[in-house]
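By convention here, the first residue in the shown sequence is residue 1.
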Amino acid sequence: MTADLVPFTSALLAEAAGLLARRQRRDRQRHAALPERFAGETAALAAVEAVWRQRHSAGVAAVQGGRLAAYLIGEQVIDPVWGRSGWVRPAGWAAAADQPIEILRDLYAALGAEWVAAGCFFHFAVVHSGDAGLVDRWFSLSFGLEQVYGLCDLSRDRPLVESDPPGLEIRRAAGEDAPFLAGFSDLIWRHQVREPVWGLQLPEEEAAVGESWSRLAGDPTRTIWLAFLDGEPVGFQGYWPAEPAADDLLLPDRCLSLGIAGTVPARRGQGIGRALTTHGLSHARAAGYAWVEADWRSTNLTASRFWPRRGFEPVAYRLVRRVDPRIAWGQRREEGPRRPVGRPSASRSTTD
């Protein structure tokens with residue numbers, strides 16, 4: 001029996017929560033660190049409601065034999081960094097176990113049509129990395145890997161590492177260290193704008209970034225570690241408690257976020273980042289945390305090699321697709337009104 005695609009409505013939230021809870025149970029078999037609470041329908045319902053209640057959310061449902069077989073919910077985001085974009089969060093997708101993963105492509109075709117019609121040409125999906133079939137289906141829709149989300153299990157024994165560089169001192173930042181942090185504030189973005197990341201940094205944000213970094217030094221909720229080599233400031237790492245939202249299916253309990261990290265270019269490759277990480281993770285374990293989460297661009301060659309070696313295992317990917325905005329010209333020339341969300345009609349041509 002073929003599923004029918006219809007607009008998602010609030011009447012489907014309870015069924016969607018059931019699908020999401022069962023999906024979380026399957027995902028936890030691949031990665032046990034994922035929070036168990038979403039395997040229950042109460043938390044799963046709160047997660048689906050959170051993505052559905054966003055101001056610019058819309059969704060598509062696959063209904064088969066009078067039951068919800070799958071759904072896809074996405075949000076249109078309009079801001080200076082992402083421009084006009086469409087996002088599918090982890091709670092925005094689930095399908096019954098008996099449904100072929102191929103149904104995702106039909107759901108995206110319908111939802112993506114709404115995004116493109118609204119001028120949203122950047123499309124994002126955050127998906128569990130352990131579901132290879134799901135990742136493959138997104139790849140087949142011309143999505144590519146952009147961001148990796150990783151978790152470090154603090155209960156695992158770490159092998160002995162080589163000693164710290166001679167003359168290295170690591171200490172926690174205090175209020176008087178604000179100038180040091182302000183001086184470090186451009187370290188990450190200057191690395192990210194280079195090849196092969198070519199990540200965006202808006203010039204009008206540069207001053208605000210420096211000010212926000214200065215405030216970290218006196219923030220009691222942040223633990224900032226500074227590294228000094230023979231008295232010279234050469235590196236930093238910043239940790240703070242993870243604050244999972246109602247729809248965050250990725251962060252486990254007792255989790256700390258590794259929010260910032262870096263070493264000055266002239267001192268890279270000397271073991272400073274390794275020493276900072278060993279120090280930070282040891283302190284987190286002593287403070288009672290079980291996990292530390294971090295994320296990095298897959299095109300950041302330094303980070304994508306460094307963090308897995310330090311014990312961070314990928315649990316999710318942010319995938320991205322850029323639709324050529326010139327498609328708007330072709331669509332305007334189509335005859336007839338734009339189709340509503342539903343099953344897409346057959347393509348007029350098999351060529352691009």
Side-chain angles (χ1 to χ4, degrees), residues 5 7-8 51 54-60 62 70-90 92-93 101-127 129 133-149 189 192-205 295-301 304 316-352:
L5 300 193
F8 190 93
V51 295
Q54 295 299 315
R55 182 180 178 185
H56 297 295
S57 286
V60 189
Y71 72 88
L72 186 69
I73 298 172
E75 175 191 7
Q76 292 181 24
V77 174
I78 302 172
D79 67 21
V81 175
W82 303 114
R84 301 180 67 86
S85 57
W87 289 74
V88 174
R89 314 288 183 180
W93 146 264
I101 195 67
E102 179 67 15
I103 199 169
L104 168 71
R105 306 208 314 160
D106 293 315
L107 292 169
Y108 168 72
L111 182 60
E114 294 293 297
W115 290 347
V116 170
C120 295
F121 299 111
F122 274 100
H123 300 177
F124 296 88
V126 181
V127 302
S129 61
L134 177 63
V135 173
D136 178 72
R137 290 298 82 196
W138 282 109
F139 282 173
S140 75
L141 289 163
S142 294
F143 281 76
L145 175 59
E146 181 180 61
Q147 194 85 356
V148 180
Y149 302 87
W189 72 256
Q192 297 276 54
V193 299
R194 292 178 57 82
E195 67 282 352
V197 182
W198 296 302
L200 175 67
Q201 173 64 29
L202 299 175
E204 57 268 25
E205 294 182 345
D295 62 274
W296 57 90
R297 286 288 179 99
S298 59
T299 47
N300 183 337
L301 304 186
S304 63
Y317 298 139
R318 184 173 79 216
L319 310 179
V320 61
R321 177 186 185 185
R322 183 181 186 274
V323 177
D324 191 328
R326 292 173 295 182
I327 190 65
W329 175 86
Q331 290 193 331
R332 283 198 302 270
R333 292 183 60 86
E334 279 190 330
E335 295 182 358
R338 178 173 53 83
R339 295 186 302 274
V341 167
R343 178 171 293 281
S345 64
S347 171
R348 296 182 178 181
S349 172
T350 58
T351 61
D352 291 332

Rounded distance (nearest 0.5 Å) linking atom [atom1] of [X] with atom [atom2] of [Y]:
X	Y	atom1	atom2	answer
Y317	Y149	OH	OH	12.5 Å
W296	Q147	CH2	CD	9.0 Å
E195	T299	CD	OG1	11.0 Å
W189	L202	CH2	CG	10.5 Å
L134	I101	CG	CD1	4.5 Å

Where do [X] and [Y] come nearest, in terms of heavy atoms and distance?
X	Y	result
I73	S57	CG2-CB, 4.5 Å
A62	I103	CB-CD1, 3.4 Å
A70	W93	CB-CZ3, 4.4 Å
C120	G86	CB-N, 4.2 Å
S298	V148	CB-CG2, 4.2 Å
A58	L111	O-CD1, 3.7 Å

Practice task
Would you check, one step at a time, whether the test side chain to side chain contact (heavy atoms under 4.5 Å, CB included) holds for V60 with E114?
Solution key: CA-CA 10 Å; V60 189; E114 294 293 297; over 6 Å; no
Problem - F143-Y108 aromatic ring centre distance below 6.0 Å - result: yes
Handout entry: Sub-4.5 Å side-chain heavy-atom contact between L319 and L145
Key = yes
Exercise for the section: Could you check if a side-chain atom of P196 sits within less than 4.5 angstrom of a side-chain atom of L301, using non-hydrogen atoms only? Expected result: yes
Fill in the blank from the handout: Contacts of S85 meeting side chain to side chain contact (heavy atoms under 4.5 Å, CB included) (sequence neighbours excluded), chain-then-number -> V77, W82, W87, F122, F124
Practice task
For V323, check side chain to side chain contact (heavy atoms under 4.5 Å, CB included) against everything at least two apart and list the hits.
Solution key: V116, F121, H123, R321, I327
Exercise for the section: Only pairs at least two apart or in different chains count here, so list each salt bridge (Lys or Arg N to Asp or Glu O under 4.0 Å) that has a residue in residues 78-90. Expected result: E75-R89
Could you give the side-chain donor-acceptor pairs of residues 135-142 under 3.5 Å, partners two or more places apart or in another chain?
from, atom 1, to, atom 2, distance (Å)
R137, NH1, E102, OE1, 2.8
S140, OG, R105, NH1, 3.1
S140, OG, R137, O, 2.6

Practice task
State which residues pass salt bridge (Lys or Arg N to Asp or Glu O under 4.0 Å) with D324; sequence neighbours excluded, sorted by chain then number.
Solution key: R326
Fill in the blank from the handout: Q192 meets the side-chain hydrogen bond (donor to acceptor under 3.5 Å, both in side chains) criterion, sequence neighbours left out, with N300
